Amino acid sequence: MYKIIRFLTLLAAVLLSTTASSQRSDYGKMSAWVRDIARQQVKNKKSGTQNEPDTRQLCALMKIKGDAQQLMADYDGTLLAQLGEVYVVSIPIYRLDEINADERTMRIEARQSNRLMMDTTLYIVGADHVYNGLHLPQAFTGKGVVVGVQDVGFDLTHPNFYSRDLKDYRIKRFWDQLATDNSGEEMYVGKAFEGKENLLRYAHSRDAQLTSHGTHTSGTAAGSGYNTDYRGIAFESDICLVSNAVTTNAHLIDSTDIYKHTYATDVLGFKYISDYADAVGKPCVISFSEGSHQDIRGDDALLYEALAALSKPGHIIVAAAGNEGHLTTYVEKPANKTEAGTYIWSNGKRAAVTIDASGKTTIRAIVYHNLQQPDTITITSDEVFAAEGASVSDSIVTEKGTFRMAIDGFQSCYDSSRLAFDVILTAPERLGQDIPIWIETKGEESDTRMFLLSGYFYNQQLNHRTGEAVSRYNIHSPASAPDVICVGAMGYRRGFTTVSGNYQEPMPISPGLRAYFSSVGPTIDNRIKPDVMAPGTHIVSSYSSYFLESNPEWAINGSDISHFGFNGRTYSWTSDAGTSMSTPIVAGIIALWLEACPTLTREEVIETFKKTCPQPEPALAYPNNEYGYGLINAYAGLLYILGLDLALGTDELSRHQPQNASISLKGRTLEINLTENNTKTNKTAEVRVYNTKGQLLKTASIDSYYQTIDLSLLPNGIYAIQLQTDDYRSTGSTLIRLQ
């Protein structure tokens, strides 16, 4: 009987979904945001408020059947790029309806805009040491690899972007998508720069007075450290930067160009970095510490395809998981349960959720303006799909004003047998803060999943109702894409000391475990994410001198740990926290791996995680939706990629570097220093030298704190040096390169 009922339920869902598709035939090819733009155009024409065509251009992703160039020509559009079967296009807003109706158009997607994956309440400073446990092997510094960063707030003049001796300026190209002067350029938006003189003359991205996010993340991935210990991971790599549009700098964009800045424009930024790497014949890794919520409309489908086309051998994209791991973002109702819901609020007048259901369902919003007699807005799935455009809204009027619930219906992009709904709640002021609002799904014949899009869920008990929201499904896009490396944040140091000498511990940190804010999986289509973890708190890196200049109070109240002068300007080293900070650490480490294997693929990177990542909580199964495969290990990953761990075995070669010893190379002479608590110490030790085939080439015994070993007879190449002592802290291996 249950199987019959289940079959009938699914059949009803399919029929309803078919109805939804037919009702939405005008806009079914469009993503939600593009659809809203098109609807507004139609509304303006009907109302007579738009006498002249809106000639503003929209940057979008499209799938096109047949001649894409001809389709663009027919509607005054421009073909900007092709990535596999996905096109990046610029199309006039007023012709959206026509392009959508053309049978050659299969899909149009765009969305604004990303948020930075940094929690500004979590700035942390550690002045004594940085990147502990991520010391770099000598042989690999990122040389010969392009590290790309697409972000905001770049100071191109920071000495962190020179070589350590200041002889080489390492930023090779920069595209500022918000630049106002694009004279003589062929860029779709903004302006691109190359060459040391041009880059230093331009000096900074247009938004560098507002934020220093990109200066920090690019310094973490690839900064030289100048004359400090705050060295980035791939400190000898080439650097290619793109400054894009996000929520915090969108006000800098002229209203006539606002629709040119979408995630399709971000794809052009990724391609710009990738094309540069191809032009100079080098592998590249791209770090992206931005993102936005996933959806079940399929609005990221073409984005995922475009990123897959860019993720080829020697080209890896890394993105931040998000900072919502401490938030309740998901409510589930099984089919045998009558209802499930939660309270919702926002900092403004609006909040939004997306819901999918296996069949008929009812969506309710309860407004507690009167705790004894609340008002309810109720909309059923039948009502939604019976309406024109599968779009319905209803409202209630209270003494505080009008509360409204609007719902758009469609098919789930992940399962066409399931119904899906975008729900927007609006209030007269501060939704859910002064007057509690409950949102729920009802219906025993349907299981439902409700995902938070904007606002916040909370589980307070009120009138015998307790919310059922949990923290799941809050990985951000594009980190959620199958071909992108998704990075979560680990706890690092507990406290920080500001430049003024004040020590603080502002938040709960569990070093070695997932930072409580780091977003958790799975993805909406139930894939495991994140892929890997890296330190995401107490991360010290470079900060923009232009931000400091425009925000003098930051020097007193911010999280700077030191200030210094360079070429007549004041710069700083500053601590930030968030998956924004863990992402460039992983990108920098992958740059080291690309130096060892320039054709490394995303799949091989994942396999390296699988084989080499330490697992923070051994009782868990890996990969999982909190840690992925675990904490990235730069050195163990290099050993695995070079095949040294297989050739030698863990008994012969340590998978970590020695802590109380340093192994360095001066010309063809190996220098070894033994220390204990930073004090020189005499110990008996053995040194073994292996090649990458696992052959033992040389052994030597040492009995003093300093020893040199002549390697002049060895040919050029990479070698593993094993230092063996009776002290675990002085035992370990490292890699060197003779050249």
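Heads up: numbering here begins at 1 and tracks the sequence. These values consider heavy atoms only, across backbone and side chains, with no hydrogens, waters or symmetry-generated copies. None of these values were measured; they are calculated from a predicted model.
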Straight-line distance of Glu604 CD to Phe609 CZ, nearest 0.5 Å: 12.5 Å
Keeping the roles fixed (side chain from Lys260, backbone from Thr265), state whether a donor-acceptor pair exists under 3.5 Å. no
Taking atom OH of Tyr456 as the centre, report whether more than 12 heavy atoms of other residues, nucleotides or ligands fall under 6.0 Å from it. no
Can you tell me how far apart OG1 (Thr612) and CZ (Arg655) are? Round to the nearest 0.5 Å. 6.5 Å
Please check this pair: side chain of Ser454 against backbone of Ala352, looking for a donor-acceptor N/O pair closer than 3.5 Å. yes
Tyr263: which of Glu290, Glu109, Arg111 passes side-chain hydrogen bond (donor to acceptor under 3.5 Å, both in side chains): Glu109
Less than 3.5 Å apart, any donor N or O on the side chain of Ser542 or Tyr230 sitting next to an acceptor on the other? no
Under the criterion side-chain hydrogen bond (donor to acceptor under 3.5 Å, both in side chains), I'd like the reasoning laid out for Asn323 against Thr579: C-alpha separation, chi angles, the key distance, then a yes or no. CA-CA 6 Å; Asn323 296 330; Thr579 53; 3.1 Å; yes
Which heavy-atom pair separates Ala351 from Leu431 by the least distance, and what is that distance? CB-CD2, 3.9 Å
Whether Ser541 side chain and Thr220 backbone form a donor-acceptor pair below 3.5 Å: yes
Over all atoms of both residues, closest heavy-atom pair of Pro482 and Lys529: O-NZ, 4.4 Å
If you define the side chain from C-beta out and look only at heavy atoms, does anything of Ile606 sit under 4.5 Å from Ile485? yes
Identify which one of Tyr272, Phe154, Phe270 satisfies the ring pair (Phe, Tyr, Trp, His ring centres under 6.0 Å) criterion when paired with Trp175. Tyr272
If only atom types and distance count, is the side chain of Thr342 paired as donor or acceptor with the main-chain N or O of Gly467 below 3.5 Å? no
Would you check if His315 and Leu594 make a side-chain contact, meaning some heavy-atom pair closer than 4.5 Å? no
Check: Ser212 main-chain N/O paired with Ser544 side-chain donor or acceptor under 3.5 Å: no
For residues Ala321 and Cys486, report the shortest heavy-atom separation together with the two atoms involved. CB-SG, 3.6 Å
Tell me whether Ser289 contacts the main-chain N or O of Ala320 through its side chain, where contact means a donor paired with an acceptor under 3.5 Å. no
Non-hydrogen side-chain atoms of Ser518 and Met533 separated by less than 4.5 Å: yes
Salt-bridged, Arg297 to Asp408, with N to O below 4.0 Å? no
Supply the atom-to-atom distance Tyr458 OH to Trp345 CH2, rounded to the nearest 0.5 angstrom. 9.5 Å
Minimum side-chain heavy-atom gap Pro535-Leu631 below 4.5 Å: yes
Partner residues of Arg472 under the side-chain contact (heavy atoms from CB on, under 4.5 Å) criterion, sequence neighbours left out: Tyr330, Val470, Pro522
Between atom CZ of Phe410 and atom CG of Leu419, what is the distance when rounded to the nearest 0.5 Å? 10.0 Å
Please check if the side chain of Thr354 supplies one atom and the backbone of Phe421 the other of a donor-acceptor pair under 3.5 Å. yes
Could you go through Leu252 and Leu210, starting from their C-alpha distance and side-chain angles, then the distance that decides it, and tell me whether this counts as side-chain contact (heavy atoms from CB on, under 4.5 Å)? CA-CA 10 Å; Leu252 297 177; Leu210 302 175; 3.8 Å; yes
Could you go step by step and tell me if Ile316 and Trp593 meet the side-chain contact (heavy atoms from CB on, under 4.5 Å) rule? CA-CA 11 Å; Ile316 310 294; Trp593 296 352; over 6 Å; no
State which residue, out of Asn474, Leu452, Asn459, fulfils the side-chain contact (heavy atoms from CB on, under 4.5 Å) condition with Thr328. Asn459
Could you note down all residue pairs passing salt bridge (Lys or Arg N to Asp or Glu O under 4.0 Å) where residues 609-624 supplies at least one of them, sequence neighbours left out? Glu607-Lys611
If I compare all heavy atoms of Ile286 with all of Ile273, which pair ends up nearest, and what's the gap? CG1-CG2, 3.8 Å
Ignoring hydrogens and geometry, is there a side-chain-to-backbone donor-acceptor pair from Ser572 to Thr574 under 3.5 Å? no
Could you tell me if the side chain of Arg418 sits less than 4.5 Å from the side chain of Asp447, heavy atoms only? yes
At what distance, to the nearest 0.5 angstrom, does CG of Asn624 lie from CZ of Arg514? 9.5 Å
Looking at CG of Asp176 and OG of Ser243, how far apart are the two atoms once the value is rounded to the nearest 0.5 Å? 4.5 Å
Any side-chain heavy atom of Leu178 within less than 4.5 Å of one from His261? yes
Can a donor-acceptor pair be found, under 3.5 Å and without considering hydrogens, that links the side chain of Glu305 to the backbone of Val86? no
State, yes or no, whether a side-chain contact exists between Asp531 and Arg602 at a heavy-atom distance under 4.5 Å. yes
Shortest non-hydrogen contact from Thr262 to Cys59? OG1-O, 2.7 Å
Would Ser480 and Tyr304 satisfy side-chain hydrogen bond (donor to acceptor under 3.5 Å, both in side chains), going step by step from the backbone distance to the final call? CA-CA 9 Å; Ser480 55; Tyr304 286 5; 2.5 Å; yes
Which atom of Phe517 lies closest to which atom of Ala489, heavy atoms considered: CE1-CB, 3.9 Å
Within the 4.5 Å heavy-atom criterion, are Leu310 and Lys271 side-chain neighbours or not? yes
Without swapping roles, check the side chain of Asp300 against the backbone of Leu303 for a donor-acceptor pair under 3.5 Å. no
